[in-house]
Amino acid sequence: LMELGTGNPKVVEFLKEKYTDSKDINTSMTLLNALYNYGPQGQAVFKQLEACCDAKDKLQFKHIQDPLTNDRAYEL
C-alpha cells in the first residue's frame with residue numbers, strides 16, 4: 001500500500017490486472033476509480049481500457065468520469 005501514491009507503474013499494472021479479472025461491479029468501479037485518480041499513468045490505462053470495453057461496461061467509465069452520475073453507478 002505504501003506504493004499507491006508514488007506513481008509506480010507496477011501499481012497501475014496491478015490495478016489494470018485486477019480490473020480485467022474482476023467479476024463484481026463494486027470491485028470494478030473501485031478499481032476504475034483508483035486508476036482514474038492515479039495521475040497521468042492511471043488515466044492513460046483508464047482510457048485504454050475504456051477504448052476496448054464493450055457497450056455495457058462503457059457506463060462504468062462514464063460514471064467514474066462524471067461525478068454528477070457517480071452516485072448512481074451502483075444502481076446498475
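Values reported hereafter were calculated over all heavy atoms of this structure, with side chains retained and with hydrogens, waters and symmetry mates removed.
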### Message
Within the structure provided, determine whether V45 and L15 are in side-chain contact (heavy-atom separation under 4.5 Å).
### Response
no
### Message
Quick one, M29 and N26 - any side-chain contact, counting heavy atoms below 4.5 Å?
### Response
no
So, taking the atom named [atom1] in [X] and the one named [atom2] in [Y], what distance separates them when rounded to the nearest 0.5 Å?
{"X": "C53", "Y": "K58", "atom1": "SG", "atom2": "NZ", "answer": "4.0 Å"}
{"X": "D57", "Y": "D54", "atom1": "CG", "atom2": "CG", "answer": "4.5 Å"}
{"X": "L32", "Y": "K62", "atom1": "CG", "atom2": "NZ", "answer": "13.5 Å"}
{"X": "L35", "Y": "L49", "atom1": "CG", "atom2": "CG", "answer": "6.5 Å"}

### Message
Suppose we screen for side-chain hydrogen bond (donor to acceptor under 3.5 Å, both in side chains). Which residues come up paired with N37, at least two apart in sequence or across chains?
### Response
N33
### Sequence-distant partners of D24, side-chain hydrogen bond (donor to acceptor under 3.5 Å, both in side chains), two or more places apart
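side-chain hydrogen bond (donor to acceptor under 3.5 Å, both in side chains) check on D24 returns T27.
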### Task
Just grab all the side chain to side chain donor-acceptor pair (under 3.5 Å) pairs involving residues 10-20, residues at least two apart or on different chains.
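Residue pairs passing side chain to side chain donor-acceptor pair (under 3.5 Å), neighbours aside: K16-Q48.
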### Task
Search all heavy atoms of V11 against all heavy atoms of Y38 and return the closest pair with its distance.
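Residues V11 and Y38, closest heavy atoms: CB-OH, 3.7 Å.
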### Task
Count the heavy atoms belonging to other residues, nucleotides or ligands that lie under 6.0 Å from CZ of F14, then report whether that count exceeds 12.
no
#### Entry: Partners passing side chain to side chain contact (heavy atoms under 4.5 Å, CB included) against Q43 (at least two apart in sequence or in another chain)
Y36
### Task
Indicate whether the side chain of E50 and that of Q65 have a donor and an acceptor atom separated by less than 3.5 Å.
yes
